[in-house]
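Below: the structure, in structure tokens.
For the numbers below, each heavy atom of this structure counts, side chains included, while hydrogens, waters and symmetry mates do not. Predicted model, so just to flag it, every value in this text is computed and none were measured.
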Amino acid sequence: MRYELVIFDNDGVLVDSEPISNRHLAAYLTELGHPTTYEESIQDYMGSAMHRIHELVFERTGQRLPEDFDDVFHARVFAAFQRELKPVAGVEDVLEKLTADGVPYCVASSGSHERIRVGHRTTGLDRWFDEGRIFSSQDVGRGKPAPDLFLHAAKEMGVAPERCVVVEDSPLGVQAAVAAGMDVLGFTAMTPADRLQGAGQLFGSMADLGDLLV
């Protein structure tokens, strides 16, 4: 295999959480007086760390979100995860193959450590990801599209950036991976291909990912 480390984004790549999260984010922002459609949430916030949501709302409106915004939002999303969340179709087969082949992998997500773990426990993906394979934007100063998170994950896993490949489904994540000097595979299940410009190759089904990694 040409890569020494496969770095997965989490939301939308490992767990099918983006529809759930963005539905609740749009509803909560609208409730707070910042009318937002589901489609606008996907376009503006998909792949963002929480601080970017605060920054964009303030930039656009001059108003700050409530201090408990993150806690309330996560409580709503985690409750919905318990009812609805599933792993992305086919991703367990990918993880099983990487494990069988002895290929190192990890997750590097804009989400908090709590969000990652809740999602993995709910879907059963926790058996694939021990503590040493989980990296969050909480671990670095700047989230995506800055390269910091991916560079941090590579350093902790002991692999040079140019030997890493990132699996991403958000424009911010693709930008971050390119800035980190890593190859990127863009997952188009939810994101139009033209929004993932910069990805070396695109794929729409996890069944196709294995062939792109060799």
Side-chain angles (χ1 to χ4, degrees), residues 7-32 34-61 65 69-70 72-74 76-78 80-81 84-89 91 107-116 118-120 122-123 125 135-138 140 142-150 166-180 182 184-199 202-206 209:
I7 304 177
F8 291 95
D9 176 43
N10 188 56
D11 294 291
V13 171
L14 294 175
V15 294
D16 194 15
S17 54
E18 293 292 9
I20 301 170
S21 297
N22 285 281
R23 190 172 72 242
H24 283 275
L25 179 57
Y28 189 24
L29 288 173
T30 299
E31 179 185 317
L32 291 171
H34 307 291
T36 306
T37 65
Y38 170 78
E39 291 76 18
E40 288 169 341
S41 182
I42 290 283
Q43 179 172 319
D44 293 345
Y45 302 118
M46 183 169 157
S48 298
M50 291 300 294
H51 69 80
R52 188 169 183 274
I53 300 172
H54 288 261
E55 290 164 3
L56 275 181
V57 170
F58 181 70
E59 206 175 279
R60 291 171 174 177
T61 68
L65 293 172
F69 178 86
D70 293 13
V72 172
F73 173 65
H74 283 131
R76 294 181 182 187
V77 169
F78 293 168
F81 280 1
E84 307 172 46
L85 190 62
K86 305 289 184 189
V88 168
V91 78
V107 57
S109 172
S110 292
S112 66
H113 278 283
E114 183 185 16
R115 180 186 174 113
I116 298 168
V118 168
H120 287 190
T122 303
T123 58
L125 292 184
F135 304 100
S136 161
S137 61
Q138 289 180 312
V140 294
R142 300 179 299 168
K144 305 170 188 178
D148 305 33
L149 175 57
F150 288 135
V166 176
V167 184
E168 262 289 354
D169 73 329
S170 78
L172 293 176
V174 169
Q175 291 174 46
V178 170
M182 300 176 180
V184 196
L185 301 176
F187 186 39
T188 60
M190 269 197 67
T191 310
D194 62 2
R195 295 199 66 216
L196 297 179
Q197 292 178 2
L202 303 173
F203 68 104
S205 167
M206 282 295 164
L209 178 57

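- The nearest pair of heavy atoms linking Ala180 to Phe150 is CB-CB, 4.1 Å.
- Exactly one residue among Glu39, Glu18, Glu84, Glu40 makes a salt bridge (charged side-chain N to carboxylate O under 4.0 Å, His left out) with Arg23. That residue is Glu84.
- Summarising the geometry, atom CD1 belonging to Ile42 is positioned 10.5 Å from atom OG belonging to Ser170; distances are rounded to the nearest 0.5 Å.
- Atom CG in Leu25 sits 10.5 Å away from atom CZ in Arg76 (nearest 0.5 Å).
- Looking only at side-chain heavy atoms (C-beta outward), Leu185 and Leu209 come within less than 4.5 Å of each other.
- The heavy-atom pair separating Ala80 from His24 by the smallest distance is CB-NE2, 3.5 Å.
- Here the NZ-CG distance, from Lys86 to Asp16, works out to 10.5 Å after rounding to the nearest 0.5 Å.
- When atom types are taken as modelled, the side chain of Ser110 and the backbone of Ser137 share no donor-acceptor pair closer than 3.5 angstrom.
- Separation of atoms CD1 (Ile53) and CZ (Phe73) is listed at 6.0 Å; rounding is to 0.5 Å.
- For Thr191 (side chain) and Asp169 (main-chain N/O), a donor-acceptor pair under 3.5 Å exists by modelled atom type.
- Side chains of Ser136 and Ile116 form a contact here, defined as non-hydrogen atoms less than 4.5 Å apart.
- Of all non-hydrogen atoms in Phe187 and Ser205, the two that sit nearest each other are CE1-N, 3.9 Å.
- In this structure a side-chain-to-backbone donor-acceptor pair under 3.5 Å is present from Thr188 to Phe203.
- In this structure, Phe78 and Phe81 have tilted ring planes: the angle between them lies in the 30° to 60° band.
- Checking side-chain atoms of Arg52 against main-chain N and O of Asp44 turns up a donor-acceptor pair under 3.5 Å.
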Leu65 vs Leu29, test: side-chain contact (heavy atoms from CB on, under 4.5 Å). Steps then yes/no.
CA-CA 9 Å; Leu65 293 172; Leu29 288 173; 3.9 Å; yes
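- Nearest heavy-atom pair, Ala193 versus Leu202, reported as atom, atom and distance to 0.1 Å: CB-CD1, 3.5 Å.
- With contacts defined as side-chain heavy-atom distances shorter than 4.5 Å, the pair Asn10/Val15 qualifies.
- By the 4.5 Å heavy-atom criterion applied to side chains, Met190 and Pro19 are counted as neighbours.
- Taking the side chain as every heavy atom from C-beta outward, Val57 and Tyr45 approach each other to under 4.5 Å.
- There is a side-chain donor-acceptor pair under 3.5 Å between Arg115 and Ser21.
- Side-chain contact between Leu196 and Pro171 is present, with at least one heavy-atom pair separated by less than 4.5 Å.
- To the nearest 0.5 Å, atom CG of residue Asn22 and atom CD of residue Gln43 are 11.5 Å apart.
- Closest heavy-atom contact between Ile7 and Ala108: CG2-CB, 3.6 Å.
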Give the intermediate values and the outcome of side-chain contact (heavy atoms from CB on, under 4.5 Å) for residues Val178 and Val184.
CA-CA 7 Å; Val178 170; Val184 196; 3.9 Å; yes
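- His74 is not listed as a side-chain neighbour of Val118, based on a closest heavy-atom distance of 4.5 Å or more.
- Between Leu149 and Arg142, every side-chain heavy-atom pair lies at or beyond the 4.5 Å cut-off.
- Looking at every heavy atom in both residues, Pro145 comes nearest to Gln175 through CB-OE1, 3.6 Å.
- Ring geometry, His54 versus Phe69: the interplanar angle exceeds 60°, so the pair is classed perpendicular (tilted spans 30 to 60°).
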